[in-house]
Structures are given as structure tokens and as C-alpha cells.
A.B. asks: 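Sharing a structure here in C-alpha cells format.
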Amino acid sequence: MSKNNKIYLIILAVLIILFLLIRIDTKTEKIISFFNVDSLDVVKISLEDANGVLMLEKQSGIWQITEPINYPAAESNVRNLFERALTAETSKLPLSESESSLPNYELQDSLAVLLTLYGKNDKVLDAAYFGKMKGQANT
């Protein structure tokens, strides 16, 4: 093997290593869908906090509040939920990986809101806890 071929192989190896280091960089922020569900599959939605549960169910093609009372859901509010909340995007990088930061975002069971999406036969399609920054106004 000639000296030129060895130099080219070394350059190629360095370029491959650089390429792999760039590809493996996990600190790059990527935007992902918050919920990984098809909205057509959702037949029941549960919003639960320390005060109780609000349950929405699709019955004969119409959304109904079934808990704590049985009452027709406002069509515009359900549409907003599907158009805004279920299509939300977020960063793949976590705000924090430390459990000690949960109180800062009010993500303990007693303060957070649990949103659960159900499909047919009460199959859980996705679920997420929602909190807020400590001191943030209620909106």
C-alpha cells in the first residue's frame, strides 16, 4: 500500500468518526408531537386532578360530558381541544431530568392535571401530566 493510499484512508477514517459524532449528538433539540395518537381513534378523554374527574365520551358521534354530570359537551370546546391540545408540539429534550424539579413545575399528583386519551374498549392511547411553573398565574 502506497503512502498516498494510507493518507487517504486516515482522512476517510477521520471523516467517518466526525460524521458519527455529529449524528450521535443527543443534545440537539428536536420538535415532536406531544401526543402520538390519531384523533379519529379517540373516543373518550379524561381530565383528572386532585378535585375530581371530567370525562368526555363520544356517544353516537356526539361528544358528551359523562362525569361528573351527564351533559352535552360544547362542540366548539371539543373542537379546540382536538385542534390545539392534541396537535401540540414540544421539544424532545426534557426541561429537567431530576425528580426534585417536579415541585417547580407542579407535576406532583396533587397539583398536576392528568389528561388521558382512550380508544375503543377503554384502551389507553396516550396520557400526560400537565403542570405549570411555580408562581405562574392560572390561565
Side-chain angles (χ1 to χ4, degrees):
M1 187 177 281
S2 72
K3 188 175 182 178
N4 280 346
N5 286 346
K6 288 181 183 179
I7 291 173
Y8 290 136
L9 284 175
I10 291 171
I11 291 172
L12 179 62
V14 168
L15 289 174
I16 290 172
I17 290 170
L18 285 174
F19 173 76
L20 290 174
L21 286 174
I22 291 170
R23 294 277 304 201
I24 295 174
D25 182 17
T26 58
K27 298 296 181 192
T28 304
E29 183 175 18
K30 295 177 184 170
I31 303 300
I32 58 169
S33 293
F34 196 85
F35 293 102
N36 192 18
V37 232
D38 184 352
S39 61
L40 297 175
D41 294 337
V42 177
V43 295
K44 185 162 60 168
I45 300 170
S46 169
L47 291 159
E48 183 176 353
D49 68 5
N51 297 322
V53 176
L54 175 68
M55 189 77 67
L56 297 166
E57 289 187 51
K58 195 173 194 179
Q59 298 174 345
S60 303
I62 298 170
W63 284 95
Q64 289 277 122
I65 298 172
T66 57
E67 276 188 52
I69 60 170
N70 197 355
Y71 194 78
E75 189 177 320
S76 62
N77 291 343
V78 174
R79 190 175 335 106
N80 276 340
L81 180 67
F82 276 90
E83 290 175 357
R84 295 172 131 188
L86 299 187
T87 60
E89 293 181 331
T90 187
S91 170
K92 190 172 183 176
L93 295 175
L95 289 173
S96 174
E97 294 179 354
S98 169
E99 284 191 34
S100 64
S101 67
L102 291 179
N104 292 336
Y105 301 107
E106 295 188 359
L107 286 173
Q108 307 100 309
D109 289 341
S110 60
L111 297 174
V113 174
L114 173 62
L115 173 66
T116 309
L117 305 171
Y118 297 92
K120 292 180 182 174
N121 301 321
D122 284 341
K123 179 184 175 192
V124 175
L125 301 175
D126 212 341
Y129 281 100
F130 290 90
K132 63 180 182 198
M133 288 289 292
K134 218 175 208 178
Q136 180 182 358
N138 289 337
T139 54

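Note that the structure is predicted; figures quoted are calculated from it, not measured. Each residue takes its place number in the sequence, starting with 1.
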A.B. asks: Which residue in the set Leu86, Asn36, Val124, Asp41 passes side chain to side chain contact (heavy atoms under 4.5 Å, CB included) when paired with Leu117?
C.D. replies: Leu86
A.B. asks: Identify which one of Thr116, Leu114, Leu115 satisfies the side chain to side chain contact (heavy atoms under 4.5 Å, CB included) criterion when paired with Ser46.
C.D. replies: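 Single side chain to side chain contact (heavy atoms under 4.5 Å, CB included) partner of Ser46 among Thr116, Leu114, Leu115: Thr116.
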A.B. asks: For the pair Asp49 (side chain) and Gly52 (backbone), establish whether a donor and an acceptor sit closer than 3.5 Å, ignoring hydrogens and angles.
C.D. replies: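 Yes, the answer is positive, given that a donor and an acceptor are paired below the 3.5 Å cut-off.
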A.B. asks: State yes or no: do Val37 and Leu81 share one hydrophobic cluster built from I, L, V, M, F, W and Y residues joined by side-chain heavy-atom distances below 4.5 Å, directly or via other members?
C.D. replies: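 Yes, Val37 connects to Leu81 through the hydrophobic network.
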A.B. asks: On a heavy-atom basis, which atom in Pro68 and which in Val53 lie closest, and how many Å separate them?
C.D. replies: CD-O, 3.6 Å
A.B. asks: Assigning hydrophobic clusters by single linkage (Ile, Leu, Val, Met, Phe, Trp, Tyr; side-chain heavy-atom cutoff under 4.5 Å), is Tyr8 placed with Ile16?
C.D. replies: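 No: no chain of side-chain contacts under 4.5 Å links Tyr8 to Ile16.
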A.B. asks: When you group the ILVMFWY residues by side-chain heavy-atom contacts below 4.5 Å and let the links chain together, are Leu47 and Leu125 in the same group?
C.D. replies: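 Yes, because Leu125 and Leu47 connect within a single hydrophobic cluster, where side-chain heavy atoms sit under 4.5 Å apart.
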A.B. asks: Going from CD1 on Ile7 to CG on Leu12, what distance comes out if it is rounded to the nearest 0.5 angstrom?
C.D. replies: 13.5 Å
A.B. asks: Do the side chains of Phe82 and Val113 join up, straight or via other hydrophobic residues, at under 4.5 Å, putting them in one cluster?
C.D. replies: yes
A.B. asks: Measure the spacing between CG of Leu54 and CD of Glu48 and express it to the nearest 0.5 Å.
C.D. replies: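 Leu54 atom CG to Glu48 atom CD measures 11.0 Å (nearest 0.5 Å).
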A.B. asks: Can you find a heavy atom in the side chain of Trp63 that is under 4.5 Å from one in the side chain of Ile45?
C.D. replies: yes
A.B. asks: Report the residue from Asn70, Ile69, Leu56, Val78 that forms a side chain to side chain contact (heavy atoms under 4.5 Å, CB included) with Gln64.
C.D. replies: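 Testing Gln64 for a side chain to side chain contact (heavy atoms under 4.5 Å, CB included) against Asn70, Ile69, Leu56, Val78 leaves exactly one candidate, Asn70.
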A.B. asks: Group every Ile, Leu, Val, Met, Phe, Trp and Tyr by side-chain heavy-atom contacts under 4.5 Å, then state whether Val42 and Met55 land in the same group.
C.D. replies: no
A.B. asks: Of all heavy-atom pairs between Lys44 and Asp122, which one has the smallest distance, and what is that distance?
C.D. replies: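 Reported closest heavy-atom pair: NZ-OD1, 2.7 Å.
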A.B. asks: For Asp38, look at atom CG and say whether over 12 heavy atoms of other residues, nucleotides or ligands are found less than 6.0 Å away.
C.D. replies: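 Check passes, neighbour count above 12.
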A.B. asks: Hey, are the side chains of Thr66 and Gln59 touching, using non-hydrogen atoms and a 4.5 Å cut-off?
C.D. replies: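 They are in side-chain contact.
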